[in-house]
2 protein chains.
Amino acid sequence: MTPRRGRLPAAERERRRRDILRAARELYVEHGYGATTMAMIARRAGASKETLYAWFGDKEGLTRELIEWGADESASAVAAALDQGDGDPVAALTAYADGLLTLLTGPPSVALNRAAMASPALARVLREAGRQRAGRLVSGYLGRLHRAGVIDAPDAEAAFGLLYGLVVQDTQIGVLLGAPAPSARDRAARARAAVERFMRLVAARPS
Amino acid sequence: MTPRRGRLPAAERERRRRDILRAARELYVEHGYGATTMAMIARRAGASKETLYAWFGDKEGLTRELIEWGADESASAVAAALDQGDGDPVAALTAYADGLLTLLTGPPSVALNRAAMASPALARVLREAGRQRAGRLVSGYLGRLHRAGVIDAPDAEAAFGLLYGLVVQDTQIGVLLGAPAPSARDRAARARAAVERFMRLVAARPS
DNA sequence: CATTATCCGTACTCTCGGGTACGCTGTCAA
DNA sequence: TTGACAGCGTACCCGAGAGTACGGATAATG
């Protein structure tokens with residue numbers, strides 16, 4: 001509400017940048033990517049269109065930064081979840097699974113995934129910044145479990161795919177297509193069941 | 001190439017309708033939904049824009065019919081796959097799994113799923129005509145396996161979700177976001193592994 | 001305090017695609 | 001045979017939104 005005018009110091013400028021991204025994310029959630037105009041974003045952020053174009057290049061550039069910002073947040077969330085449980089892999093994986101479902105079915109993720117479908121460039125960013133980065137974290141964790149003899153999964157990448165499938169099933173694509181998102185209770189139950197099945201499938205063979 | 005003019009008899013009219021839908025599908029695959037204009041569709045189908053609007057209402061209506069057409073095809077494919085194997089459930093489910101992967105990662109399905117992301121109405125059609133319909137077929141099949149004592153899966157819906165997750169994992173969303181589609185060999189291997197794991201997880205308990 | 005780089009607000013241009021109107025032509029039905 | 005309809009081609013309208021230009025206001029900076 002404070003009309004900011006004149007040049008901004010670096011710190012303030014960084015905050016304004018986040019304000020703009022936040023405004024864009026809200027509008028994508030409310031109206032969808034296609035129906036959100038640069039004018040709407042500028043209006044909600046209390047900025048001018050010219051500033052948007054000066055800072056982000058164009059609508060795609062702005063959206064790209066939005067995706068990267070979200071990917072940063074989710075990567076930290078994954079790392080944090082895997083640190084839970086005090087070394088108990090089931091607890092850590094369950095925390096990760098729950099977080100994954102919460103993230104993927106959350107409005108911001110849904111809006112950005114839909115947006116990415118409309119632009120190959122954005123899709124690439126989302127895939128690399130989001131999925132692949134988180135995948136590496138989890139694969140690395142599963143690889144360590146394997147080497148520690150906790151599970152029998154020589155191919156950590158494949159094990160990650162298996163876990164992912166058990167957790168997510170068709171939930172994400174369903175929500176992207178308009179199905180209601182699962183409740184917190186549902187997510188927790190799914191996470192537990194998925195990890196239990198995962199452990200059963202990759203149980204370490206007695207040597 | 002034959003310039004069709006004058007009123008069309010019913011049979012011919014039906015063929016022209018398919019021609020138009022086929023043209024639209026090709027263009028969606030080549031350029032994406034958003035970048036495909038009604039003029040392009042009319043041009044490729046050798047029809048006039050006015051005819052498109054007269055027959056389909058608007059772009060969304062045309063796309064809706066396209067989705068329903070594809071759903072019809074895929075429902076028959078599912079039914080056919082489940083009939084394979086001469087009563088061997090593993091063979092039938094493997095055929096289904098392979099077909100599912102082939103369908104979901106195929107260019108037409110990818111193009112239509114991306115299109116549906118841009119419109120809640122289209123998303124609803126795709127979800128109901130496609131996913132739910134196929135889901136009912138498979139759930140019904142799994143329910144029969146359960147009642148026959150072949151598997152232990154009292155909740156057929158949940159069992160379908162599990163099978164789906166084991167088969168598809170993150171492949172569909174990945175392809176939608178631009179990852180390369182899996183090869184036929186990869187699909188077959190995935191289908192076999194998924195069904196093998198599925199059977200292990202829902203193995204009938206010895207009573 | 002003067003200066004200057006920003007930044008807001010607004011108004012503007014331009015392109016593009018959805019949707020419509022219309023005349024011409026060819027084919028089917030009476 | 002002949003009307004009348006259906007469908008092609010083309011030209012057109014219009015709204016909308018991306019991106020730009022510019023004047024005026026303002027706060028950091030020296």
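Note: hydrogens, waters and symmetry copies are ignored here, and every other heavy atom, side chains too, is used. Bear in mind that the values here come from a model prediction, so they are computed numbers and not experimental data. Chain letters run A, B, ... following the sequence lines, proteins first, then strands; residues in each count from 1.
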Within this structure, what is the CD1-to-P distance between A:Ile41 and D:dG17, rounded to whole angstrom? 12 Å
Over how many whole Å does the gap from A:Asp19 atom CG to C:dC8 atom P extend? 11 Å
Rounded to whole Å, please give me the gap between CD in A:Glu60 and C1' in D:dG17. 16 Å
Between B:Glu50 and A:Thr37, name the one whose nearest nucleotide on DNA chain D is closer to the 5' end. B:Glu50
Does this structure show an ion pair linking A:Asp72 with A:Arg133, if we count only N-O contacts that are shorter than 4.0 Å? yes
With sugar-phosphate meaning primed atoms plus P, OP1 and OP2, does A:Arg13 contact a base, only sugar-phosphate, or nothing at under 4.0 Å between heavy atoms? sugar-phosphate
Under 4.0 Å, heavy atoms only, any strand: does B:Ala42 hit a base, just the sugar-phosphate, or nothing? nothing
Nearest whole angstrom, please: distance from the P of C:dG17 to the CE of B:Met40. 9 Å
Could you state the CD-P distance from A:Glu12 to C:dC7, rounded to the nearest angstrom? 10 Å
Taking 4.0 Å as the cut-off, does a side-chain nitrogen or oxygen of B:Ser48 come that near to OP1 or OP2 on D:dC8? yes
Does OP1 or OP2 of C:dT6 have a side-chain N or O of A:Trp55 closer than 4.0 Å? no
Test item: B:Arg127 side-chain N/O and A:Leu177 main-chain N/O as donor-acceptor pair under 3.5 Å: yes
Classify the nucleic acid contact of A:Ala47 as base, sugar-phosphate or nothing, counting any heavy atom under 4.0 Å across all strands shown. sugar-phosphate
Just the rounded figure in Å: distance from P of C:dT10 to CZ of A:Arg43. 8 Å
For A:Thr51 and C:dT6, is the shortest distance between a side-chain N/O and OP1 or OP2 below 4.0 Å? no
Please indicate whether B:Arg43 has more than 12 foreign heavy atoms, meaning atoms of other residues, nucleotides or ligands, lying under 6.0 Å from its CZ. no
Would you say A:Arg16 places a side-chain N or O within less than 4.0 Å of OP1 or OP2 belonging to C:dC8? yes
Indicate whether the side chain of A:Thr51 and that of A:Arg16 have a donor and an acceptor atom separated by less than 3.5 Å. no
Counting heavy atoms not belonging to B:Arg131, are there more than 12 under 6.0 Å from its CZ? yes
Nearest-angstrom distance from the residue atom OH of A:Tyr53 to P of D:dG19: 4 Å
Writing each nucleotide of DNA chain C 5' to 3' as (, ), [, ], | or . by Watson-Crick or G-U pairing under 3.5 Å yields ||||||||||||||||||||||||||||||
Basic-acidic side-chain contact under 4.0 Å: A:Arg200, A:Glu196: yes
B:Met38 CE to D:dA11 C1', straight-line distance once rounded to whole Å: 18 Å
Return the 5'-most residue of the pair A:Lys49, B:Lys59 with respect to DNA chain C, ranking by each residue's nearest nucleotide. A:Lys49
Lys NZ or Arg CZ of A:Arg13 over A:Trp55 ring: under 6.0 Å, within 45°: yes
